[in-house]
Amino acid sequence: PAGICPFKMVLLGESAVGKSSLVLRFVEGKFHEYEVSTIGGAYLTQTVSIGDITVKLELWDTAGREKYHSLAPMYYRGAHAAIVVYDITNADTFSRAKVWVKELQHQAASNIIIALAGNKVDLATTTRQVEVADAQTYAEENGLIFMETSAKTSMNVNDIFMAIARKLPKL
Ligand code: GDP
Ligand code: MG
């Protein structure tokens, strides 16, 4: 239909936490155990319906350039929403996610919607390093949407994108 306003959504977080995999799971319903860096191009789009409103999401992946932090503002400039991803089996990635959140709170649009995704929850029973309660508390203190996700099993993947979509301003 005409007049669908696209919303820009960026994915941020350490390399290998599963950003590209979350996008691939959400947009194409797929998961690759190895090598998904090739899909980290410019952006993918997905159209979702919320009641009778249709929202087009432009999903910006960081294209494997996480190391080049100076490029980050280019990704989140003009973004309506951000998903900051960490890997629940790697505590360093959670610390890094908090730095991203702080940067977004100071540098991005003041009304940006920020979600925190604790990815790879399918590995929770064997190799969890970040407790869900700690992430939950942090998210509540910072007004973030929070879910643990798995791009592998698809747990909470649609849910986190839809939770964001529901908070976007409706025209
Ligand atoms: P990115 O660098 O943040 O984009 O991370 P990728 O999407 O490239 O994923 C890095 C690696 O983690 C790949 O081998 C993926 O198959 C794997 N991976 C991503 N998400 C999950 C998940 O939810 N569970 C498990 N077990 N592995 C995952
Ligand atoms: Mg990637």
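Position 1 is the first residue of the sequence, and the numbers go up from there. The analysis underlying the following values was restricted to heavy atoms, covering all of them including side chains, and did not include hydrogens, waters or symmetry mates. When a ligand or atom number is given, it counts from 1 through the structure's own listing order.
- For atom 23 (O) of ligand 1, the nearest non-hydrogen atom from the set Ala151, Ser20, Ser154 comes from Ala151.
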Exercise. Evaluate the side-chain contact (heavy atoms from CB on, under 4.5 Å) criterion for residues Leu116 and Phe94: first the C-alpha distance (whole Å), next the side-chain angles of each, then the deciding distance (0.1 Å), finally the verdict.
Key: CA-CA 10 Å; Leu116 180 68; Phe94 182 52; 4.2 Å; yes
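- The ligand atoms of ligand 1 that sit less than 4.0 angstrom from a heavy atom of Phe31 are 16 (O), 18 (N), 19 (C), 20 (N), 21 (C), 27 (N), 28 (C).
- With rounding to the nearest 0.5 Å, the separation of CG in Asp61 from CG in Leu44 is 8.0 Å.
- Listed by atom number, the atoms of ligand 1 under 4.0 Å from Ser15 heavy atoms are 2 (O).
- In this structure, the separation between CH2 on Trp60 and CD1 on Ile83 is 15.5 Å, given to the nearest 0.5 Å.
- A donor-acceptor pair is defined here as one N or O able to donate and one able to accept, closer than 3.5 Å; such a pair exists between the side chain of Lys19 and the backbone of Gly13.
- Remark: Thr93 OG1 to Asp87 CG distance equals 5.0 Å, nearest 0.5 Å.
- For ligand 1 and Lys152, the ligand atoms under 4.0 Å from any heavy atom of the residue are 22 (C), 23 (O), 24 (N), 26 (N).
- The CG atom of Leu123 sits 11.5 Å away from the CD atom of Gln129 when rounded to the nearest 0.5 Å.
- Glu33 and Lys152 are joined by a salt bridge, as a carboxylate oxygen and a charged side-chain nitrogen come within less than 4.0 angstrom of each other.
- Between the Mg ion (ligand 2) and Ser21 there is no N/O/S contact shorter than 2.8 Å.
- For the pair Val121 and ligand 1, the shortest N or O to N or O distance does not fall below 3.5 Å.
- Taken from CG in Leu168 to CD1 in Ile50, the straight-line distance is 7.0 Å, to the nearest 0.5 Å.
- Set against the non-hydrogen atoms of Leu123, the atoms of ligand 1 under 4.0 Å away are 26 (N).
- An N or O contact shorter than 3.5 Å links Gly18 to ligand 1 by distance.
- Numbered from 1 in the order shown, with element, the atoms of ligand 1 that lie under 4.0 Å from a heavy atom of Ala16 read 1 (P), 2 (O), 3 (O), 5 (O), 10 (C), 12 (O).
- Taking only non-hydrogen atoms, the option from Val17, Thr153, Asp122 nearest to atom 26 (N) of ligand 1 is Asp122.
- Among Ser21, Ser150, Gly13, the residue whose heavy atom lies nearest to atom 19 (C) of ligand 1 is Ser21.
- Distances from atom 13 (C) of ligand 1 to the heavy atoms of Lys120, Glu33, Met155, Glu148 put Glu33 nearest.
- Taking distance alone, with nitrogen or oxygen atoms compared against 3.5 Å, Asp61 stays at or beyond that limit from ligand 1.
- Of the polar atoms of His32, at least one N or O is found under 3.5 Å from an N or O of ligand 1, judged by distance alone.
- Evaluation of the side chain to side chain donor-acceptor pair (under 3.5 Å) rule for Ser154 yields no partner, not counting sequence neighbours.
- Set against the non-hydrogen atoms of Glu14, the atoms of ligand 1 under 4.0 Å away are 3 (O).
- Those atoms of ligand 1 that come under 4.0 Å of a heavy atom in Lys19, given as number and element, are 1 (P), 2 (O), 3 (O), 4 (O), 5 (O), 7 (O).
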Quiz item: side-chain contact (heavy atoms from CB on, under 4.5 Å) between Val17 and Lys120: does it pass, once the steps are laid out?
Solution: CA-CA 8 Å; Val17 295; Lys120 308 195 187 183; 5.5 Å; no
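- Within the structure, the ring-ring contact (aromatic ring centres under 6.0 Å, His included) test picks out no pair touching residues 102-125 (sequence neighbours left out).
- When the options Asn119, Leu12, Val157 are ranked by their closest heavy atom to atom 20 (N) of ligand 1, first place goes to Asn119.
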